[in-house]
Amino acid sequence: MAEKTSVRAVKGMNDVLPGEIARWHRLEALFRRSMALTGYREVRTPFVEHKPLFVRAIGEVTDVVEKEMYAFTRHHDELALRPEGTAGAVRAYVEHKVANAEPVSRWYYLGPMFRAERPQAGRYRQFWQYGAECFGDAGPGSDAEMIAELCAFLSAAGVTAPRVLLNSIGGPGTRVAYTEAVRAYLEPKKAQLSEDSQKRLEKNALRILDSKAPEDHAALEGAPTLESVLDEADKDHFKNLLGHLDALGVTYEVDPKLVRGLDYYTRTLFEIKGAKEKLGAGDTLIGGGRYDGMVEQLGGASVPAIGFAGGLERLLIATDDGEKKPVVSVFLAPMGSPATTYALVLARELRAHGVTCDVDTRGANLKSMLRRATSLEAPYGILVGDAEIAAGVVEVKDLNARTQEKIARSEVVRVLADRLAKGTP
RNA sequence: GUGACUGUAGCUCAGUCGGUAGAGCGCCGGAUUGUGGAUCCGGCUGUCGCGGGUUCAAUCCCCGUCAGUCACCCCA
């Protein structure tokens, strides 16, 4: 039993086998393409950071740092596996004094994050996030652009009917003031609240707003609205954002109760949701928002920023399979040992010309070699035996058309490279 | 972290009101000494998740444990 468990993957951390990797590659390529189109460049930061970085950036009383972090001590360093990407990106931005080198920085990232939660559909302990940060632009235009491009990306990926939810929670001062206002309003009604919300009242009263419990909804009737505490500049920012989105043709829903769980957000806050039928409770595809105070808080200059992050596994659930791609273009089936040597040499030449190929070196019979060629969906097969070697030719089989022709060994590399370049199959 | 459900072949699942298991798909071989996906024929694979208890006997009943799934919490 002990031996059995030791060769198991860690709970909530999954293998991606070669059979499913094509779907990942497809989405990753689409994401990189979308980022490149918008002038974003990739940044890679470590998977491990000093734990206090996350505590400071994400917030001491958030669930993510309180109970979901993989934290450990190595010698005298308090370290943690990154639970999200923004903290590390901001740290790198500050550490390398990037603000001094350029006014605006557009960074994206793609990689695994770690959160010790109970696994569920679309929620894992190691999961992949794609995300981006735009530093140095306080204008609502950058908010709108980010949201619009995300919608285009999701649509290219094949997500059906994503919903964009939007809200503004004002500047850092506003957030604190509003949290206090909500707390003060609900304090006398504490007994009516759900058990969870009674705890939230002390810890983070703002979170009661997006509670799912019906009794909380009732208690919130008549609560102070966010709008009542936003200052003119905040309102202006939000109004302009909506205007830009309208012009861009993005449909959205303003949701005054959208708050989100990370403490660092200011002003714009958004979420993009996918189909509940597929994703279940984890239907949030992308979450993001502005965090104008964070760069300064982590020791940098006062630089505004906005970012987002999405879960790749959730996107995989929300999208259908792309087309199946052949594993290789050419499958070489040699009959006999001299033919295997011959095929290995030929394959090397083909690869040198950029042709992907697989040589079946098992010494199996032709029938089973061709079966493999079929399962790899190779468009071409090359059959070689003693007779072909003696004749200086090779049998080239079009595996889709089921036709076959003899081609001179001296010609075959050029012929196949040409045919494949034309994209025939 | 809380609660519910599930755990039988590589995959999807059936089954035994307790007497150690089976179907489809897949895989392998043959029909076709060197020609694939269709068809036909044949074949292989299981510590019935793991540990313990009850019993003459447990895959089936009971307890525990691990894993998975779903919901909550929270979030991507």
Side-chain angles (χ1 to χ4, degrees), chain A residues 1-6 8-14 17 19 58 61-69 82-86 110-131 150 194-197 199-200 203-204 207 210-213 259-262 271-274 276 279-288 307-318 331 333-336 339 360 362 364-388 395-404:
Chain A
M1 182 60 190
E3 285 79 3
K4 285 221 157 186
T5 43
S6 68
R8 263 198 174 112
V10 175
K11 186 190 187 86
M13 306 204 180
N14 305 119
L17 266 12
I58 300 166
V61 295
T62 55
D63 280 32
V64 170
V65 320
E66 255 182 358
K67 47 182 233 198
E68 295 170 4
M69 266 214 287
R82 60 181 191 189
E84 54 99 63
T86 300
L110 184 61
M113 305 295 163
F114 304 84
R115 250 121 98 162
E117 298 179 273
R118 187 88 161 245
Q120 212 176 299
R123 195 176 77 182
Y124 309 101
R125 293 187 170 183
Q126 179 184 129
F127 61 102
W128 283 65
Q129 273 194 343
Y130 53 96
L150 281 172
S194 67
E195 205 179 310
D196 283 324
S197 285
K199 284 180 214 145
R200 284 194 275 241
K203 241 181 78 179
N204 191 349
R207 300 311 321 262
D210 56 8
S211 165
K212 286 177 191 167
V259 270
R260 301 189 54 74
L262 309 180
E271 218 164 76
I272 305 182
K273 287 180 177 288
K276 195 127 204 151
L279 293 154
D283 62 344
T284 300
L285 253 21
I286 292 173
F308 72 85
L312 207 41
E313 287 88 345
R314 286 188 186 181
L315 191 53
L316 250 1
I317 294 170
F331 186 89
M335 285 158 281
D360 197 322
R362 293 177 298 168
N365 60 40
L366 222 209
K367 178 179 180 163
S368 59
M369 289 196 285
L370 283 171
R371 253 207 295 267
R372 255 195 86 212
T374 303
S375 78
L376 296 177
E377 296 185 58
Y380 290 107
I382 291 182
L383 281 47
V384 199
D386 296 337
E388 286 76 18
E395 294 281 358
V396 173
K397 196 169 170 68
D398 182 325
L399 290 163
N400 297 317
R402 321 197 65 159
T403 56
Q404 189 170 321

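Just so we're on the same page: letters track the sequence lines, and every chain starts at 1. Worth knowing before you read on, the calculation uses all heavy atoms, side chains too, and leaves out hydrogens, waters and symmetry mates.
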In whole Å, what is the span from the [atom1] atom of [X] to the [atom2] atom of [N]?
{"X": "A/E313", "N": "B/U69", "atom1": "CD", "atom2": "P", "result": "12 Å"}
{"X": "A/K199", "N": "B/C72", "atom1": "NZ", "atom2": "C1'", "result": "11 Å"}
{"X": "A/K276", "N": "B/C75", "atom1": "NZ", "atom2": "C1'", "result": "12 Å"}
{"X": "A/R200", "N": "B/C74", "atom1": "CZ", "atom2": "C1'", "result": "9 Å"}
{"X": "A/N365", "N": "B/G34", "atom1": "CG", "atom2": "C1'", "result": "9 Å"}
{"X": "A/F127", "N": "B/C75", "atom1": "CZ", "atom2": "C1'", "result": "8 Å"}
{"X": "A/D283", "N": "B/A71", "atom1": "CG", "atom2": "C1'", "result": "13 Å"}

Hey, does [X] reach any base, or is it just sugar-phosphate, or nothing, if we go heavy atoms under 4.0 Å?
{"X": "A/Y130", "answer": "nothing"}
{"X": "A/G288", "answer": "nothing"}
{"X": "A/S368", "answer": "sugar-phosphate"}
{"X": "A/A121", "answer": "sugar-phosphate"}
{"X": "A/G122", "answer": "base"}
{"X": "A/L312", "answer": "nothing"}
{"X": "A/L315", "answer": "nothing"}

Determine the Euclidean distance between corresponding [atom1] atoms of [M] and [N]; express it in Å to zero decimal places.
{"N": "B/A38", "M": "B/G26", "atom1": "P", "answer": "7 Å"}
{"N": "B/G22", "M": "B/G64", "atom1": "P", "answer": "33 Å"}
{"N": "B/U2", "M": "B/U59", "atom1": "P", "answer": "31 Å"}
{"N": "B/C73", "M": "B/G1", "atom1": "C1'", "answer": "8 Å"}
{"N": "B/C50", "M": "B/C11", "atom1": "P", "answer": "15 Å"}
{"N": "B/C48", "M": "B/A58", "atom1": "P", "answer": "12 Å"}
{"N": "B/A9", "M": "B/G46", "atom1": "C1'", "answer": "5 Å"}
{"N": "B/G36", "M": "B/G29", "atom1": "C1'", "answer": "16 Å"}

Among all residues two or more places apart in sequence or in another chain, which pass the side-chain contact (heavy atoms from CB on, under 4.5 Å) test with [X]?
{"X": "A/L316", "value": "A/R23, A/W24, A/L27"}
{"X": "A/P112", "value": "A/F47, A/R82, A/F114, A/Q126, A/W128"}
{"X": "A/D210", "value": "A/R207, A/V259"}
{"X": "A/K67", "value": "A/D63"}

*Along RNA chain B (nearest heavy atom to each residue), the more 5'-positioned of A/D386 and A/S211*: A/D386
_Residues that A/K273 engages under salt bridge (charged side-chain N to carboxylate O under 4.0 Å, His left out), provided they are two or more places apart_ = A/E271, A/D283
_With sequence neighbours excluded, residues passing ring-ring contact (aromatic ring centres under 6.0 Å, His included) with A/F308_ = none
Set of residues satisfying side chain to side chain donor-acceptor pair (under 3.5 Å) with respect to [X], sequence neighbours excluded:
{"X": "A/R362", "result": "A/D360"}
{"X": "A/T62", "result": "none"}
{"X": "A/N365", "result": "A/S368"}

*What stem regions, each of at least 3 consecutive Watson-Crick or G-U pairs below 3.5 Å, can be found for RNA chain B?*
B:1-7 with B:66-72, B:10-13 with B:22-25, B:27-31 with B:39-43, B:49-53 with B:61-65
_Is A/K11 close enough to B/C66 that one of its side-chain N or O atoms is under 4.0 Å from OP1 or OP2 there?_
no
*State whether A/K212 places a side-chain N or O below 4.0 Å from either non-bridging phosphate oxygen (OP1 or OP2) of B/A71.*
no
*Kindly say whether, by distance alone, the side chain of A/R207 makes a donor-acceptor pair under 3.5 Å with the base of B/C73?*
no
_Exam field: side chain A/R115 to backbone A/M69, donor-acceptor pair closer than 3.5 Å_ = no
*For the side chain of A/A387, starting at C-beta, report the closest nucleotide among B/C75, B/G34, B/C74.*
B/G34
Contact list (N/O, under 3.5 angstrom) for nucleotides 1-4 of chain B vs protein:
unit_1: B/U2; atom_1: O4; unit_2: A/R118; atom_2: NH1; d: 2.9
unit_1: B/G3; atom_1: O6; unit_2: A/R118; atom_2: NH2; d: 3.2

Which protein N or O atoms sit under 3.5 Å from an N or O of nucleotides 35-39 of chain B?
unit_1: B/U35; atom_1: O2; unit_2: A/K397; atom_2: NZ; d: 3.1
unit_1: B/U35; atom_1: O2; unit_2: A/Q404; atom_2: OE1; d: 3.2
unit_1: B/U35; atom_1: N3; unit_2: A/Q404; atom_2: OE1; d: 2.8
unit_1: B/U35; atom_1: N3; unit_2: A/Q404; atom_2: NE2; d: 3.1
unit_1: B/U35; atom_1: O4; unit_2: A/Q404; atom_2: NE2; d: 2.8
unit_1: B/G36; atom_1: O2'; unit_2: A/T374; atom_2: OG1; d: 3.2
unit_1: B/G36; atom_1: N7; unit_2: A/R402; atom_2: NH2; d: 3.3
unit_1: B/G36; atom_1: O6; unit_2: A/L399; atom_2: O; d: 3.4
unit_1: B/G36; atom_1: O6; unit_2: A/R402; atom_2: NE; d: 3.3
unit_1: B/G36; atom_1: N1; unit_2: A/L399; atom_2: O; d: 2.3
unit_1: B/G36; atom_1: N2; unit_2: A/L399; atom_2: O; d: 3.0
unit_1: B/G36; atom_1: N3; unit_2: A/T374; atom_2: OG1; d: 2.9
unit_1: B/G37; atom_1: N7; unit_2: A/R402; atom_2: NH1; d: 2.7
unit_1: B/G37; atom_1: N7; unit_2: A/R402; atom_2: NH2; d: 2.9
unit_1: B/G37; atom_1: O6; unit_2: A/L399; atom_2: O; d: 3.1
unit_1: B/G37; atom_1: O6; unit_2: A/R402; atom_2: NE; d: 3.0
unit_1: B/G37; atom_1: N1; unit_2: A/L399; atom_2: O; d: 3.3

